[in-house]
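Working notes for the structure below.
When a ligand or atom number is given, it counts from 1 through the structure's own listing order.
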Amino acid sequence: MKFQDKVVLVTGGGSGIGRAVALGFAQEGATVVVAARRREPLDQTVKLIEAAQGRATALTADVTRPAEVAGLVSEIVRRHGRLDIAVNNAGVFTMGQVADIDEADWSHTLDVNVTGVFLSMKHEIAAMREGGGGVIVNVASQIGAHKRIPGLGAYAASKAAVAALTRTAALEYIREGIRINAVSPGPHDTPMSMRPGETLSDRDDRMKAQLPIGRVGTLEEITASVLWLASDDAGFAVGHDLVVDGGSTA
Ligand SMILES: NC(=O)c1ccc[n+]([C@@H]2O[C@H](COP(=O)([O-])OP(=O)(O)OC[C@H]3O[C@@H](n4cnc5c(N)ncnc54)[C@H](OP(=O)(O)O)[C@@H]3O)[C@@H](O)[C@H]2O)c1
């Protein structure tokens, strides 16, 4: 029960890594708030947490919209009195070589992955300052600061920006008791790890050939990394960017 009675926000908590991380915090005693645009997947996460005797609620918010992010954080503080931990995980994956990237796709990728993290941190930090401290874990990617792959320019640019923003904010707020880090996953077992038209076994064959470890990461593995960064065990980790990628960037 490492997170007993902690109030935790997980953005993008309706699927994939966000859902797994939300379940992980709830299993360790946290009160979890999951947020994303669509209500139904969020409700599903809440059901899964409640079925495991955990505590969770769902709030819809689009992380690209300043008023919705401000409203999300103030609603959490109104309901629970504070915000202890935030995992800024909401993100989108887009493909296309630089000369072919549609301007709208470029803007959307940066809006969600960068502006979304910026707006989330802006309001989370304000709430955590009021509450006397907190912890933030931003979900970046191995693609970006650590690795570049042709066809992933917009995604790489957005995630490199998350890594840089994380480190800057970490320096700015550690003296106020707000500890900020990033996790940079390699391919994990969510729909985002699939290329268009791929089956699960196509993806697994691609991973076997591409990744030193020969497989995608499990949701349990990435959850453990996020929970570690958020825990007191990682109390001296500040502005760290934890790469969890099966050796892809070793
Ligand atoms: N899976 C991987 O292999 C992998 C590898 C490296 C990094 N990552 C990163 O890990 C994070 C989660 O990835 P995933 O694979 O779990 O993705 P996913 O299954 O597609 O989940 C993405 C989540 O983000 C939410 N979201 C998207 N746009 C949003 C917006 N504008 N406002 C609020 N929420 C929004 C989605 O819900 P709604 O659509 O309902 O809003 C969903 O809950 C992402 O940041 C991704 O870049 C994933």
From the options [options], select the one whose nearest heavy atom is closest to [atom].
atom: atom 2 (C) of ligand 1; options: Arg65, His188, Glu68, His108; result: His188
atom: atom 22 (C) of ligand 1; options: Ala22, Gly13, Gly91; result: Gly91
atom: atom 5 (C) of ligand 1; options: Gly186, Ala140, Ser141, Pro187; result: Gly186

Can you confirm whether Ile180 sits close enough to Ile125 that some side-chain heavy atom of one is under 4.5 Å from a side-chain heavy atom of the other?
yes

Flag side-chain contact, heavy atom, 4.5 Å: His123 against Val69:
yes

Side-chain ([X]) to main-chain ([Y]) donor-acceptor, under 3.5 angstrom:
X: Ser74; Y: Gly71; answer: yes
X: Asp84; Y: Gly134; answer: no
X: Arg129; Y: Ile178; answer: no

Consider ligand 1: state whether an atom of it lies below 4.0 angstrom from any non-hydrogen atom of Gln142.
no

Which ligand 1 atoms, with their elements, are less than 4.0 angstrom from a heavy-atom of [X]?
X: Gly16; result: 16 (O), 19 (O)
X: Gly14; result: 43 (O)
X: Tyr155; result: 6 (C), 7 (C), 8 (N), 9 (C), 46 (C), 47 (O)

Tell me which protein heavy atom sits closest to [atom], plus the residue, atom name and distance to 0.1 Å.
atom: atom 33 (C) of ligand 1; answer: Ala61 O, 3.3 Å
atom: atom 14 (P) of ligand 1; answer: Thr190 OG1, 3.8 Å
atom: atom 41 (O) of ligand 1; answer: Arg37 NE, 2.7 Å
atom: atom 35 (C) of ligand 1; answer: Ala90 CB, 3.7 Å
atom: atom 31 (N) of ligand 1; answer: Asp62 OD1, 2.9 Å
atom: atom 44 (C) of ligand 1; answer: Asn89 O, 3.2 Å
atom: atom 18 (P) of ligand 1; answer: Ser15 OG, 3.4 Å
atom: atom 37 (O) of ligand 1; answer: Ala36 CB, 3.4 Å

Run Arg78 and Glu75 through salt bridge (charged side-chain N to carboxylate O under 4.0 Å, His left out) and show every step you take.
CA-CA 5 Å; Arg78 192 187 71 75; Glu75 183 61 15; 2.8 Å; yes

For the pair Asp5 and Arg82, find out whether any cationic side-chain nitrogen is under 4.0 Å from an anionic carboxylate oxygen.
no

CD1 of Ile76 to CG of Leu9, rounded to nearest 0.5 Å, is 4.0 Å

Check whether any N or O atom of [X], backbone or side chain, sits under 3.5 Å from an N or O atom of ligand 1, and answer yes or no.
X: Arg38; result: yes
X: Val63; result: yes
X: Gly12; result: yes

Verify the distance criterion only: is there a donor paired with an acceptor across the side chains of Thr199 and Asp202 at less than 3.5 Å?
yes

What I want to check is whether the side chains of Gln142 and Thr249 have a donor and an acceptor closer together than 3.5 Å.
no

Apply the side chain to side chain donor-acceptor pair (under 3.5 Å) test between Thr166 and each candidate in Asn88, Asn138, Asp241; give the one that qualifies.
Asn138

